[in-house]
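Here is the structure we will look at, set down as structure tokens.
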Amino acid sequence: MTEVLGGMKRTDMCGAFSLQDVGREVTLMGWVNRRRNLGSLIFADLRDRTGIVQVVFNEELDRDIFLQAEELRNEYVIAASGTVAKRSPDAVNDKLPTGQIEIKVDRLKILSAADTPPFLVDDNSKVSESIRLKYRYLDLRRPSLQRNLIIRHKIAKVVRDFLNDNGFLEIETPMLVKSTPGGARDYLVPSRVQPGKFFALPQSPQIFKQLLMISGFDKYYQIARCFRDEDLRSDRQPEFTQIDIEMSFVDIDDVLSINEKLIADIFRKIMGIELSLPLKRMSYDEAMNRYGSDKPDVRFGLELTELSDVLKDSSFNAFKEAAESGGCIKAINAKGCAGFARKEIDGLAETAKSYGAKGLLWITYTGEGEIKSSLLKYLTDDELKGILSSVSAQPGDLILIAAGKFDTTCEAMGHVRLDLGNKLNLIDQDRYELLWIVDFPLLEWSEEENKYVAKHHPFTAPKDEDIPLLDTDPSKVRAKAYDIVLNGTELGGGSIRIHTQEMQKKIFDVLGFSDEYAKNMFGFFLEAFRYGVPPHGGIAYGFDRMVMLFTDSDIKDVIAFPKTQNASCLMSGAPSEVDSNQLRELHIKMDN
RNA sequence: GGCCCGGUAGUUCAGUUGGUUUAGAACGCUAGCCUGUCACGCUAGAGGUCAAGGGUUCGAACCCCUUUCGGGUCGCCA
């Protein structure tokens, strides 16, 4: 190895120099970030993952080294020895942390030459994402991506340290697992030794971590890779990472308490921000009613107002139907937006419609105190007054209204609210608002399947006081489930799990799983329930999403080797066709 | 699966109604000059399958169709 390195040994990293180092003899290794040739004076910026430092070659002082330095090009990997020198005051570079000093080189070895890279390794150079992904190893040299992955590592370390210190055990669970129903589409792996049978890659370690509780491991965590074969989004990758946690002998408060301490620890150590605990809790119902979302961004107001009471006798069909069918009528008072152009209101209506609202109605209360609305002819004076007072309307306000099914209407208006918040610049980007959302419904009616499906997953325990409702009105049953929400993004979620065979069977029953089906799919799990199950519960965080929030980045910028929207890797070319022999061994025939 | 946007030097882009365009600019690259640069500067130069295929036309980077790739979004993501 010393041969390759020319007998040189690295003494320092590039980013850590200050005036205190002046006079030291150092040896650095790294990449040539840029070179500036002034004729008989050459400057080069040397880069490693800690930063950049300027190295100098002076023809007058050492002609041999200077001639070598003339060969240097961008992205050459070099070793350079020399003296740390203070720069003269007029040569200081304030933009560089190491700008007070430079390295006067007396020994240089080119460790590896480099072709001209397809793009400049620099945070300022604009390069399309596909080129960056094709040459990901170059892209990853950029300081911003290095920073993101370093922060990712630091968060993971804080998480591990915290959980280790609190008695949690890190245990791995299998990647080749049984395909079970529900949830996302599975990535499948064919079994060679058992023709026609398949493994699935885990969507989460859910069942295994519950089995670990049954095994007595009590407190478990894992930073676990998960796979879901669904279409990608700007915040969604087909393989992603969860911080997965499970505990025994706990109820909701125990889980929330330790987890908000974990989150507070991350905020303290990564952001230098002290959270005040305990975090606020808000019921699902309240979040939907006030913010139109189960992950509300509470950094700004513009809350939703319910108008059913005011409009229950309205002659306007949409209102009447919504009120009679148990739906809702939601209004937002866009303070001071009476002057919105028709086009701006149409834009908001588009938002509402794209999330399933039938339409968006509006009432303008002009600065002159005039009421303008296409609704006027359908509203009695009392109804109009009722609306205006419900939303505390003042001259200059714009009132937006939607009516229909509860979930759809709330969510549509929730998105209108977010649009308005962005448009009106109401969101303080420096604020961090964390809260727990609790009391989720256990079940959701699926129009498609014409039956109830689990809102969280089928192992979630119902709230004790709601258990009788399972037989009478399942849709009203609330779950011992919770999500943690940061600035309108779901960071993680979990639940207290069912821990008795009877309740698990009952839930499967409500979900319409036949005994045979349940046995076939979850038989091993149900059987485990016969042998002594501690009450348990846990949570899983979307780790990538967490890093996105802490680094203010897109998901592709917090994953070393991400995939495109087509779920392909532009660098390696995966997925790719395979040799026919491989397919034959796996007993797979292509149908084309 | 639906809808929307895009693909032109290595990179980021411009390119008029379809006609003096030999398809340009900037950065990068190469060479020369240059002792205080740090986005060095100056001079010169090289560099193009206009994503692919088909069509319309006297004539296509430009219009139409198909395919493909990338991005966004709805559905989907218990």
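Quick note on labels: first sequence line is chain A, next is B, and so on, each numbered from 1.
- The phosphate of B:G41 (OP1 or OP2) has no side-chain N or O of A:Asn37 nearer than 4.0 angstrom.
- The phosphate of B:G10 (OP1 or OP2) has no side-chain N or O of A:Thr116 nearer than 4.0 angstrom.
- Outside the 6.0 Å centre-distance limit, the rings of A:Phe66 and A:Phe57 are not counted as a close aromatic pair.
- Between A:Gln242 and A:Cys226 the shortest side-chain heavy-atom distance falls below 4.5 Å.
- Between the side chains of A:Ser88 and A:Asp90, at least one donor N or O sits under 3.5 Å from an acceptor N or O.
- Residue A:Arg228 has a polar side-chain atom (N or O) positioned under 4.0 Å from OP1 or OP2 of B:A78.
- A donor-acceptor contact under 3.5 Å links the side chain of A:Glu102 to the base of B:G36.
- For B:U11, the base has no donor-acceptor partner in the side chain of A:Arg132 [N/O atoms by modelled type, under 3.5 angstrom].
- A:Leu72 has its CG atom 19 Å from the P atom of B:C38, to the nearest Å.
- When the side-chain nitrogen and oxygen atoms of A:Arg73 are compared with OP1 and OP2 of B:U30, one or more of them lie within a distance under 4.0 Å.
- Between A:Asp115 atom CG and B:G10 atom C1' there is a gap of 12 Å when expressed in whole angstrom units.
- The side chain of A:Asp90 lies closest to B:G36 when the candidates are B:G36, B:G72, B:C29.
- Phosphate contact (OP1/OP2 of B:U35, side-chain N/O of A:Ser40, threshold under 4.0 Å): present.
- The side chain of A:Lys353 contributes no N or O atom lying less than 4.0 Å from OP1 or OP2 of B:C74.
- In this pair, A:Phe522 and A:Phe508 present their aromatic rings parallel. The plane angle is below 30°, not in the 30 to 60° band.
- The base of B:C34 has none of its N or O atoms less than 3.5 Å from a complementary donor or acceptor on the side chain of A:Arg36.
- Under 4.0 angstrom from either OP1 or OP2 of B:C27 there lies no side-chain N or O belonging to A:Ser125.
- Residue side chain A:Arg87 reaches the base of B:C38 through a donor-acceptor N/O pair under 3.5 Å, judged by distance alone.
- Under 4.0 angstrom from either OP1 or OP2 of B:G71 there lies no side-chain N or O belonging to A:Ser130.
- Ring geometry, A:Tyr137 versus A:Tyr135: the interplanar angle exceeds 60°, so the pair is classed perpendicular (tilted spans 30 to 60°).
- Residue A:Arg233 has its side chain nearest to B:U73 when only B:U73, B:U12, B:G10 are considered.
- Residue A:Arg236 places a side-chain atom within donor-acceptor reach of the base of B:C77, judged by atom type and a 3.5 Å distance cut-off alone.
- Between the side chains of A:Tyr482 and A:Asp439, not a single donor N or O lies within less than 3.5 Å of an accepting N or O.
- Side-chain contact annotation: A:Asn93 with A:Gln54, donor-acceptor N/O pair under 3.5 Å absent.
- Closest-nucleotide positions on RNA chain B for A:Gln565 and A:Lys455 were compared, and the one nearer the 5' end corresponds to A:Gln565.
- The side chain of A:Ser568 places an N or O atom within less than 4.0 Å of a non-bridging phosphate oxygen (OP1 or OP2) of B:G70.
- Evaluation of atom-type donor-acceptor distances gives a pair under 3.5 Å for the side chain of A:Asp231 against the base of B:G75.
- Out of B:A78, B:U37, B:G70, the shortest distance to the side chain of A:Gln54 is found at B:U37.
- Here A:Phe43 packs flat against the base of B:U37; its ring centre is closer than 5.5 angstrom to the base's six-membered ring, tilted by less than 30 degrees.
- At the heavy-atom level, A:Ile131 lies under 4.0 Å from the strands shown only through sugar-phosphate atoms.
- In this structure, of B:C76, B:G28, B:G36, it is B:G28 that holds the atom nearest to the side chain of A:Leu120.
- Residue side chain A:Glu59 does not reach the base of B:U35 through any donor-acceptor N/O pair under 3.5 Å, judged by distance alone.
- Within the 4.0 Å cut-off from OP1 or OP2 of B:G71, at least one side-chain nitrogen or oxygen of A:Lys556 is found.
- For A:Ile555 and B:U73, the CD1 to P distance is 12 Å, given to the nearest whole Å.
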